[in-house]
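Presented below is the structure to which this report refers.
Here is the naming used below: chain letters follow the sequence lines, and residue numbers restart at 1 for every chain. None of these values were measured; they are calculated from a predicted model.
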2 protein chains.
Amino acid sequence: MKPKARYHHGDLKEALVRAAYVLIAEDGAENFLLSDACRLAGVSTAAPYKHFRDRDEILEIVVARAFDEISGRSMAALAAKGEGTLEGIIAMGEAYVTFAAQEQRLFRLMFGQNPKLKQSESVLREGRRCFTNVIEHVARYCESNRLPGDPRAIAIRLWTFVHGIASLLIDEDYAVVAPDLDVMAMIRETTPLMLAPAGPATSR
Amino acid sequence: MKPKARYHHGDLKEALVRAAYVLIAEDGAENFLLSDACRLAGVSTAAPYKHFRDRDEILEIVVARAFDEISGRSMAALAAKGEGTLEGIIAMGEAYVTFAAQEQRLFRLMFGQNPKLKQSESVLREGRRCFTNVIEHVARYCESNRLPGDPRAIAIRLWTFVHGIASLLIDEDYAVVAPDLDVMAMIRETTPLMLAPAGPATSR
DNA sequence: ACGCAAAAGTTAGTTTGACTAACATGGGAA
DNA sequence: TTCCCATGTTAGTCAAACTAACTTTTGCGT
């Protein structure tokens with residue numbers, strides 16, 4: 001008994017967000033039309049404005065969910081390899097880059113140029129949670145291995161590096177100069193190097 | 001004798017590109033209106049279409065020029081510190097991040113989500129030139145210091161790292177978790193670590 | 001010089017998609 | 001039951017990229 005031709009949708013807000021998430025993942029936020037989401041949900045193009053301020057508010061919610069997805073994947077990867085291990089840290093980085101590679105369109109939106117998105121309370125919260133995870137677990141690794149150096153500084157280095165990989169990978173900038181690059185190998189090789197203590201230039 | 005009210009502009013194409021470059025640098029590509037550039041150049045909104053396929057073609061030219069600007073700054077920084085030196089390599093990285101920080105809007109456009117831009121012949125050419133510089137000079141450093149390891153792999157690591165810094169910096173993602181971060185110090189500290197030879201996980 | 005084709009402008013549209021106004025429906029609490 | 005108001009609808013506005021059709025220069029070949 002599908003509740004077909006009901007005047008009221010039931011949960012249009014959720015339906016629109018899900019449609020937007022899928023459409024953006026498929027075709028990018030820049031090609032996302034509110035009207036497409038409306039068609040998927042089976043409502044008119046004016047209906048969303050009963051639930052959202054504007055188009056950007058839907059994007060905000062999509063981005064917050066995408067951050068949550070990264071957090072989940074990172075934690076799962078870490079748990080699989082064991083917390084406080086080098087392999088666990090590497091697995092977190094791989095999960096980050098894998099998400100970016102698989103969900104290029106979403107990743108671009110998350111770290112894209114729309115400044116309004118970054119001011120959203122929910123986006124800020126989920127984003128912070130995502131990065132706090134990394135910092136926390138790198139700190140745990142540093143402690144259990146009695147490494148010197150500021151865990152926070154090391155975590156930021158690692159995050160910076162995998163974020164650089166993710167960005168260049170999905171924008172196909174590597175393809176221009178290094179088409180055969182194995183980014184996962186690069187993560188595995190470079191992560192140990194970055195765990196060295198931060199300090200005034202230790203040349204050689 | 002300013003050639004004021006001439007029917008023909010003289011060099012409208014160049015004038016529009018310059019106006020676009022300035023406007024985008026100031027307010028971002030997403031807020032760039034062709035009509036604003038037209039007003040600055042003193043022509044009607046239909047005039048650009050005598051010189052450009054569409055709005056994107058102007059963006060392509062702007063991006064190519066911005067890549068050229070980065071190349072120039074990198075080379076200047078390198079020359080100032082001396083080619084084949086560690087300081088020179090660090091200076092290139094600093095120049096990259098400095099450009100991103102000073103010209104956030106342009107940098108976002110250059111590495112943004114518009115896939116058409118990346119297919120432009122001139123953009124590809126200038127982009128490739130920009131990264132080839134880095135690779136070439138890292139290779140020179142590796143040779144003159146008799147470092148083991150693939151210079152290309154090392155250069156890609158370095159570029160990835162500074163690109164990660166630039167991205168997170170201008171999107172204000174550092175501000176969320178590490179507001180007091182000194183990115184230039186991070187470059188100086190981390191670059192030497194990344195010059196180690198690439199190889200199967202050298203843990204500790 | 002001159003004539004005229006084509007380059008480079010113009011004005012006046014069309015189109016598209018986000019957003020709004022005003023109206024319609026129906027679900028649920030008093 | 002009643003009726004309020006959340007949630008839909010239709011019809012229309014607005015902005016900005018782009019197009020069509022016309023006009024004004026420019027400059028080249030004779």
Parallel, tilted or perpendicular: which describes the rings of B:Phe111 and B:Phe131, with under 30° parallel and over 60° perpendicular? tilted
With ring centroids as reference points, do A:His163 and A:Phe107 lie under 6.0 angstrom apart? yes
Nucleotides 12-15 of chain C: which of its N/O atoms have a protein N/O under 3.5 Å away?
none

Could you tell me which non-hydrogen atom of A:Val177 sits nearest to which non-hydrogen atom of B:Arg128, and how far apart they are? CG1-CG, 4.2 Å
Check: protein-nucleotides 15-17 of chain D nitrogen or oxygen pairs below 3.5 Å:
| from | atom 1 | to | atom 2 | distance (Å) |
| --- | --- | --- | --- | --- |
| D:dA17 | OP1 | B:Leu34 | N | 3.3 |

Quick one: [X] [atom1] to [N] [atom2], roughly how many Å, whole number?
X       : N      : atom1 : atom2 : value
A:Leu12 : C:dT25 : CG    : P     : 19 Å
A:Asp11 : D:dG8  : CG    : C1'   : 15 Å
A:Glu57 : C:dC19 : CD    : P     : 11 Å
A:Leu16 : C:dA18 : CG    : P     : 12 Å
B:His51 : C:dG9  : NE2   : C1'   : 8 Å
A:Arg53 : C:dC19 : CZ    : P     : 9 Å

To the nearest 0.5 Å, what is the distance between [atom1] ([X]) and [atom2] ([Y])?
X        : Y        : atom1 : atom2 : value
B:Leu23  : B:Asn31  : CG    : CG    : 10.5 Å
B:Cys130 : B:Ile135 : SG    : CD1   : 10.5 Å
B:Glu69  : B:Met110 : CD    : CE    : 9.5 Å
B:Asp11  : B:Arg18  : CG    : CZ    : 8.0 Å

Taking atom CD as the centre, does A:Glu172 end up with more than 12 heavy-atom neighbours from other residues, nucleotides or ligands that are less than 6.0 angstrom away? no
